[in-house]
Amino acid sequence: MQELSHLQTTPVYILSGFLGSGKTTLLGRLLSYWKNQGLKPAVIMNEIGEVNLDGLAVGPDVPMAEMLDGCICCSIRADLSVELYELIQNERPDLVIIEATGAANPMEIFDAVSEASLYLKLDIKPMITVVDTAYFSELYASQKGKTYRLMMEQIRCGSVLVMNKLDRLNAKQQKEVKELLIKLNPHAAIFEAVRCDVNLEELLTNRTVSKSPASDNQQKQHSDCGHDHPHGEHCNHPDHHHTHHSHSHVTVYTYYFKAAVNSFQFERFMKELPREVYRAKGILHFSDTSSRFLFQYAYRESDYLKITPQGQVPDVAVFIGEHFDQELIRAALEQLEQESTVAGAEQGERNLRQM
């Protein structure tokens, strides 16, 4: 495996949405858009069944990896890192788009994709969720069943929502569904569409389109609940960390270490993570031990496993959550590195004096 610092950062887009919502139609439009710009996209297509019929819509000139007979958020999630690595290494695409099966839990998709960023330089873009407005309207009326709960989660986690199949609703129903989506996810950019025909430039740059005044009030109420809303899309430390669109609803933040940190200080840092960080993982050298460790964080508990990675794998940490202050995490980790470097230098001077 190549050293990660020499690899080009690859944007990764994730398409979410329930079965039959129109994800593959949007995928086709996106592929044409990128190819017309002279870019080389690649696709990872996930299907629960053994046959990928949707993959037939992807032309032979687009590299594609199929993940069949399982869901990337559960039974075959370990395969995603391998597929991503091989696709990027073999095809050198300008970007990768993942169309997840409609039965996939969106937070689990983020978790699965972030595992690959432990050894690939990825720019994980905000999730795009395609909503079958007619079906969603029916499900919301009953508010029952696993399908309803999954669709609600897909809507809640999307930073971009495509209100698809509006031609199946009358004007009153369209207004009601849009107001409902704003209520469920006041932070998302919403695009109205028939057959996913939207302004792709605006969709990909996650520009917020018109919302009702209720959206502004709900965003204020949400921010009053202790959530931070950083707005800078980029910051001034591109080699030290990677920010995955800090203005987005669900955020994936990757930090690449330049120095080993003290294990006790790092454990204290993990215990003090804000509640908005749901999960974290990474690979680390510690300054007070010669071993490398894989760490996992979930439900405010951390586990550490001694490992010996194959190839040149960097020290990296990935954080997943909603509206957490990425700048605060970056500053804290940089402080840990600085303190560890100073302590190491002081220890080296003491050793020299004792010789």
One thing to verify: whether [Y] and [X] come together as a salt bridge, which I'm taking to mean a side-chain N less than 4.0 angstrom from a carboxylate O.
| X | Y | answer |
| --- | --- | --- |
| Asp61 | Lys35 | yes |
| Glu179 | Lys175 | yes |
| Lys281 | Asp111 | yes |
| Lys125 | Asp123 | yes |
| Glu192 | Lys178 | yes |
| Glu334 | Arg330 | yes |

Is the ring pair [X]/[Y] parallel, tilted or perpendicular, if the boundaries are 30 and 60 degrees?
| X | Y | result |
| --- | --- | --- |
| Trp34 | Tyr13 | tilted |
| Phe295 | Phe266 | perpendicular |
| Tyr255 | Phe257 | perpendicular |
| Phe286 | Phe293 | tilted |
| Phe18 | Tyr135 | tilted |

Short question: side chain of [X], backbone of [Y] - any donor-acceptor pair under 3.5 Å?
| X | Y | value |
| --- | --- | --- |
| Asp167 | Val194 | no |
| Asp288 | Ser263 | yes |
| Gln174 | Leu169 | yes |
| Glu83 | Ile44 | no |
| Asp197 | Ala193 | no |

Could I get the full list of salt bridge (Lys or Arg N to Asp or Glu O under 4.0 Å) partners for [X], not counting sequence neighbours?
| X | answer |
| --- | --- |
| Glu153 | Arg156 |
| Glu176 | Lys172 |
| Glu91 | Lys40 |

Do Phe136 and Met152 have side-chain heavy atoms sitting under 4.5 Å apart?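 SC-SC contact between Phe136 and Met152 confirmed.
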
* Walk me through it: do Glu339 and Asn262 pass the test side chain to side chain contact (heavy atoms under 4.5 Å, CB included)? => CA-CA 8 Å; Glu339 292 176 358; Asn262 179 273; over 6 Å; no

Answer with yes or no whether the side chains of Tyr33 and Gln37 bring together a donor and an acceptor at under 3.5 Å.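 Indeed, the side chains of Gln37 and Tyr33 share at least one donor-acceptor pair under 3.5 Å.
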
In short, Ser340 meets Ala260 closest at the heavy-atom pair OG-O, 2.9 Å

Determine the minimum heavy-atom distance between Gly17 and Lys23, stating which atoms define it.
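Residues Gly17 and Lys23, closest heavy atoms: O-NZ, 2.9 Å.
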
key: Enclosure of Arg300 CZ (heavy-atom neighbours >12, cutoff 6.0 Å)   = yes

